[in-house]
Undergrad: 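Below you'll find the structure I mean.
Order of the sequence lines fixes the chain letters, A, B, ..., with proteins taken first and strands second; residue numbering starts at 1 for each chain.
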Amino acid sequence: METDFYEMVYELVRLIPRGRVSSYGAIAKSLGAGGTARMVGYAMRHAGTAYPPVPAHRVVNSSGLLTGKFHFDPPEAMEERLAAEGVSVKDNKVVDFKKVHWDPRKEL
DNA sequence: ATCATGACCATCC
DNA sequence: AGGATGGCCATGA
């Protein structure tokens, strides 16, 4: 079973608009804590077992780097999905990260 | 309660 | 530029 923390993360991630990406740190801050960025990633690891599914591929690190792509199955799925949604990925990082970055604190 | 781990982040060298 | 270090905090044994 998932904890409340995970659920909060999942909900927020599910709110990410199509064709946009967010960062672990931004999500963590939106949850009220600044140092829980790692927990967001930890939650993402459980995201695969969560339902409804969480678009974890829309979550990257502060640099727009696809740090967790190797946790996907298969790893290529991450950039493929992003590309399919209009987000270009180059060398494991999001192109025009600044433009497609979705900050929950601002957008919400 | 303590220890070790982690899909991070910022800083320092 | 790229590697190493410390800090942040939740989870599980």
Undergrad: Quick one: does A:R58's side chain have a donor or acceptor within less than 3.5 Å of a partner on A:L15's backbone?
TA: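 Side chain of A:R58 to backbone of A:L15, a donor-acceptor pair under 3.5 Å: no, none is there.
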Undergrad: Do the side chains of A:H46 and A:Y10 get nearer than 4.5 Å, heavy atoms only?
TA: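 They are in contact (side-chain heavy atoms under 4.5 Å apart), so the answer is yes.
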Undergrad: Provide, to the nearest angstrom, the distance between the CZ atom belonging to A:F5 and the C1' atom belonging to C:dG12.
TA: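 For the pair A:F5 CZ and C:dG12 C1', the rounded distance is 16 Å.
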Undergrad: Test side-chain contact (heavy atoms from CB on, under 4.5 Å) on A:D103 and A:S22; report intermediate values, then the result.
TA: CA-CA 6 Å; A:D103 190 339; A:S22 190; over 6 Å; no
Undergrad: Between A:A37 and A:A28, which heavy-atom pair has the shortest distance, and what is it?
TA: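 Scanning both residues, the minimum pair turns out to be N-CB, 3.5 Å.
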Undergrad: Sugar-phosphate atoms are those with a prime plus P, OP1 and OP2; base atoms are the rest. Using that split, label each nucleotide of nucleotides 7-13 of chain B B, S or - for protein heavy atoms under 4.0 Å, 5' to 3'.
TA: BBSS---
Undergrad: Less than 3.5 Å apart, any donor N or O on the side chain of A:H57 or A:E85 sitting next to an acceptor on the other?
TA: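 Distance-only check passes for A:H57 and A:E85.
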Undergrad: Between B:dC12 and C:dC8, how far is it from one P atom to the other, in whole Å?
TA: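 Here B:dC12 and C:dC8 have their P atoms 15 Å from each other.
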Undergrad: Rounded to the Å, how far apart are A:D4 CG and C:dA10 P?
TA: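 About 13 Å, once rounded to whole Å.
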